[in-house]
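Just the heavy atoms: all of them, side chains too, but no hydrogens, waters or symmetry mates, feed the values below. Since this is a predicted model, take the numbers as computed values, not measurements. Start at 1 and go down the list; that is how both ligands and their atoms are numbered.
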Amino acid sequence: MKSLCWIRRDLRLHDHAALSKALERGETSIVFIFDPHILDKLDDKEDKRLTFIIDSLKEMEETLQKKGSSIHILYGTPEEEIPLLAHELKVSYVFSNRDYEPYAKIRDQLVAKKLAALNIEFELFKDTVYYEKNEVLTNMGGTYKVFTPYKNKWLEKFESQGKIVPTYDCPLNGLIKFENKKNIIDFDWYKIIGFKEAPVLLPGGSKAAKKRLKTFADKIDDYKDARNYPAIDGTSQLSVHLRFGTISIRELVQESITHRSDGASTWLSELIWRDFYHMILDVHPEVEKVAFKPVYDNIKWPGTQAHFQAWCDGQTGFPIVDAAMRCFKQTGMMHNRLRMIVASFLCKILLVDWRKGEKYFAEKLLDYDLAANNGGWQWSSSSGCDAQPYFRIFNPYTQSEKFDAEGKFICIWCPELAKAKNKQIHHPDILLFPDYPKPIVSYDNNRIRCLEIYSVVKGS
Ligand SMILES: Cc1cc2nc3c(=O)[nH]c(=O)nc-3n(C[C@H](O)[C@H](O)[C@H](O)COP(=O)(O)OP(=O)(O)OC[C@H]3O[C@@H](n4cnc5c(N)ncnc54)[C@H](O)[C@@H]3O)c2cc1C
């Protein structure tokens, strides 16, 4: 029986649930589609994520060509393209890995319907997450809304399964052999899809992902502390690879359990946060549009467009915020501690609706993932499930003193402050540093205003 494996956010040829299943059934072809529903929403025609995707596909193609095969690359709407190709290739099955985003779920339903009309089966597999929504349930059989009990149940299940991490064999000899003139290496796909190649900041592909994992494995034991400091290379930096599936979540879980340290278990907790937010999006797709806790949608946000723009441009006069935002604008990357600081600052000090920040992150983050980004923003604005309490407001000055004490990170991105000493780096005197913007708001006053505007949620 012939099968077609449709790859989406899983750009690898190893430990791949859908590909493994397809190869098990018989001869297999692989397809990737550039989907205009997604691409048309990207304003930046040099989007770095496209380059990451294309580089990852090129690496896959090199491997496939050695086996005499290739990836079918298409541009068009999946609900049209997948049935056409499946029919043309005379396959009996189309296999993919499950995607929990609302758009993806609707897309997959449409594709399934069209394939069914052709008598072709469409099967989806768990691959993106370690455990799906129905696998980690409360004792009453419901889904969790609070992280710690979810994590405890996740770990309980993992231990009950002997901590044996499954892997999916992908023997590539079962691929259908064919020559493809429009392969991703030799054909100008950038032109077809209307984009340009962006400078590479983070190389795509599974080789780069494995290399990064190896580097991180040597310092995983220090993760518990090191992860908090933006000037230290203390985190895995694997989020982009996880986002596009150049490495599997199972490889990461396996790595975490081969180390017996607090650092490794803290890192596993972060991977569980990822599962948690995917589960939340799957069970509560409405969070894409509204606050998880509806009463938080009663907040009236007085923040101005000018303040939002100053935040985007790194011109707020709060050094840790500006350094983070300038770094982000240039690289598309941001350390987790900084994401928490700038997100809290936008909604609780600049009093701007968190959705504006969420959207800006979605446009620029290399590792943008709807579930994790929405979860992070709803946590920061306190509107999410298990979010920080609304009256907890990060103080950008003390956060800066604590997590970038010597101002190493700040100085890289705010060169105006390069000569600042001690506390000046965190809270500069505008007379001494006239080139650096003066604070656009007063932290103390806006902290009080924040508590006022959030008073509508009191008692909820
Ligand atoms: C406002 C805000 C927005 C965010 N947006 C995204 C996003 O779009 N995409 C994204 O992958 N992460 C997002 N995060 C979570 C986190 O900041 C990043 O996953 C992390 O900084 C990536 O760096 P790393 O790979 O070195 O992580 P590590 O510290 O090495 O963690 C390992 C992996 O665990 C996962 N992870 C870690 N922290 C979280 C978390 N809090 N929630 C969910 N998963 C987590 C990531 O996949 C990460 O790669 C956001 C956090 C906040 C506060």
Side-chain angles (χ1 to χ4, degrees), residues 9 49 52 100-101 128-130 147 150-151 154 202 208-209 212-213 215-217 219-230 232-253 255-256 259 263-281 287-288 311 321 324-325 327-328 331-348 352 354-388 394 399:
R9 48 179 299 162
R49 293 165 293 196
F52 187 93
Y100 310 94
E101 296 192 1
T128 304
V129 295
Y130 197 84
F147 177 68
Y150 171 86
K151 176 181 132 180
W154 193 108
L202 198 77
R212 183 64 216 169
L213 178 59
T215 307
F216 176 65
K219 38 189 167 184
I220 195 170
D221 296 344
D222 300 329
Y223 177 78
K224 193 173 178 200
D225 287 330
R227 71 186 178 133
N228 276 311
Y229 302 95
I232 295 180
D233 178 13
T235 69
S236 70
Q237 291 177 28
L238 281 165
S239 52
V240 190
H241 289 287
L242 269 177
R243 167 63 184 88
F244 294 110
T246 47
I247 199 158
S248 80
I249 183 66
R250 294 170 294 280
E251 291 173 275
L252 270 53
V253 170
E255 185 67 52
S256 77
H259 304 259
S265 12
T266 309
W267 194 59
L268 178 60
S269 282
E270 297 306 316
L271 300 177
I272 302 175
W273 266 110
R274 181 176 172 275
D275 265 13
F276 179 70
Y277 282 141
H278 274 91
M279 177 277 288
I280 292 290
L281 182 65
V287 294
E288 190 187 8
W311 178 82
V321 174
M325 295 305 293
C327 167
F328 179 49
T331 64
M333 317 263 279
M334 197 188 291
H335 189 278
N336 182 56
R337 169 62 47 188
L338 299 174
R339 293 187 208 206
M340 293 195 290
I341 295 173
V342 303
S344 174
F345 186 79
L346 183 73
C347 50
K348 293 189 173 170
V352 170
W354 57 271
R355 287 174 191 82
K356 287 190 82 167
E358 184 197 17
K359 184 165 178 283
Y360 184 68
F361 268 32
E363 282 162 19
K364 291 235 157 353
L365 267 181
L366 281 188
D367 65 15
Y368 169 61
D369 177 79
L370 174 56
N373 194 45
N374 182 269
W377 276 95
Q378 296 230 29
W379 181 88
S380 303
S381 68
S382 303
S383 63
C385 56
D386 203 9
Q388 69 166 337
F394 274 6
Q399 287 284 314

Parallel, tilted or perpendicular, as decided by the 30° and 60° cut-offs, for the rings of F147 and F276: perpendicular

Distance-only side-chain donor-acceptor flag, N374 / E358, under 3.5 Å: yes

E363 vs K359, salt bridge (charged side-chain N to carboxylate O under 4.0 Å, His left out): CA-CA, chis, key distance, verdict: CA-CA 6 Å; E363 282 162 19; K359 184 165 178 283; 3.4 Å; yes

Per-atom contacts of ligand 1 with Q237, taking only distances under 4.0 Å to non-hydrogen atoms: 24 (P), 25 (O), 26 (O)

Identity and separation of the nearest protein heavy atom to atom 2 (C) of ligand 1: G376 CA, 3.7 Å

Which residue and heavy atom of the protein sit nearest atom 6 (C) of ligand 1, plus the separation: R339 NH1, 3.2 Å

Of the listed options T266, N373, N336, closest to atom 4 (C) of ligand 1 (non-hydrogen atoms): N373

Pairs meeting criterion salt bridge (Lys or Arg N to Asp or Glu O under 4.0 Å) with involvement of residues 374-386, two or more places apart: none

Proximal ligand 1 atoms for S239, defined as those under 4.0 Å from one of its heavy atoms: 11 (O), 22 (C), 23 (O), 25 (O), 49 (O)

Part of D369 within contact of ligand 1 (heavy atoms, under 4.0 Å): both

N or O pair under 3.5 Å between S236 and ligand 1: yes

L242 and ligand 1 - part of the residue with a heavy-atom distance under 4.0 Å: side chain

Shortest non-hydrogen separation from D275 to Y150 and the atoms involved: CB-OH, 3.4 Å

Min heavy-atom dist Y223 to ligand 1 below 4.0 Å: yes

Check: K356 main-chain N/O paired with W377 side-chain donor or acceptor under 3.5 Å: no

Minimum-distance pair of heavy atoms, taken over all atoms of W267 and S256: CE3-CB, 3.9 Å

Nearest-neighbour protein heavy atom for atom 33 (C) of ligand 1, which is reported as residue plus atom name and distance: L271 CD2, 3.7 Å

With sequence neighbours excluded, residues passing salt bridge (Lys or Arg N to Asp or Glu O under 4.0 Å) with E251: K210

Shortest non-hydrogen separation from H335 to P230 and the atoms involved: CD2-CA, 3.6 Å

Close-contact set for ligand 1 against Y277 heavy atoms, below 4.0 Å: 42 (N), 43 (C)

Test log, rule salt bridge (charged side-chain N to carboxylate O under 4.0 Å, His left out), inputs R9 and D369: CA-CA 10 Å; R9 48 179 299 162; D369 177 79; 2.8 Å; yes

Closest protein heavy atom (residue, atom, distance) for atom 36 (N) of ligand 1: E270 O, 3.6 Å

Test of proximity, F361 against ligand 1: N or O pairs below 3.5 Å: no

Closest protein heavy atom to atom 12 (N) of ligand 1, given as residue, atom name and distance to 0.1 Å: A372 CB, 3.6 Å

Identity and separation of the nearest protein heavy atom to atom 7 (C) of ligand 1: D367 OD1, 3.6 Å

Sub-4.0 Å heavy-atom contact, R227 with ligand 1: no

Where ligand 1 meets W267 - atom numbers and elements under 4.0 angstrom, heavy-atom basis: 28 (P), 30 (O), 31 (O), 32 (C)

Whether F52 and F244 hold their rings parallel, tilted or perpendicular, with breakpoints at 30° and 60°: tilted

N or O pair under 3.5 Å between S380 and ligand 1: no

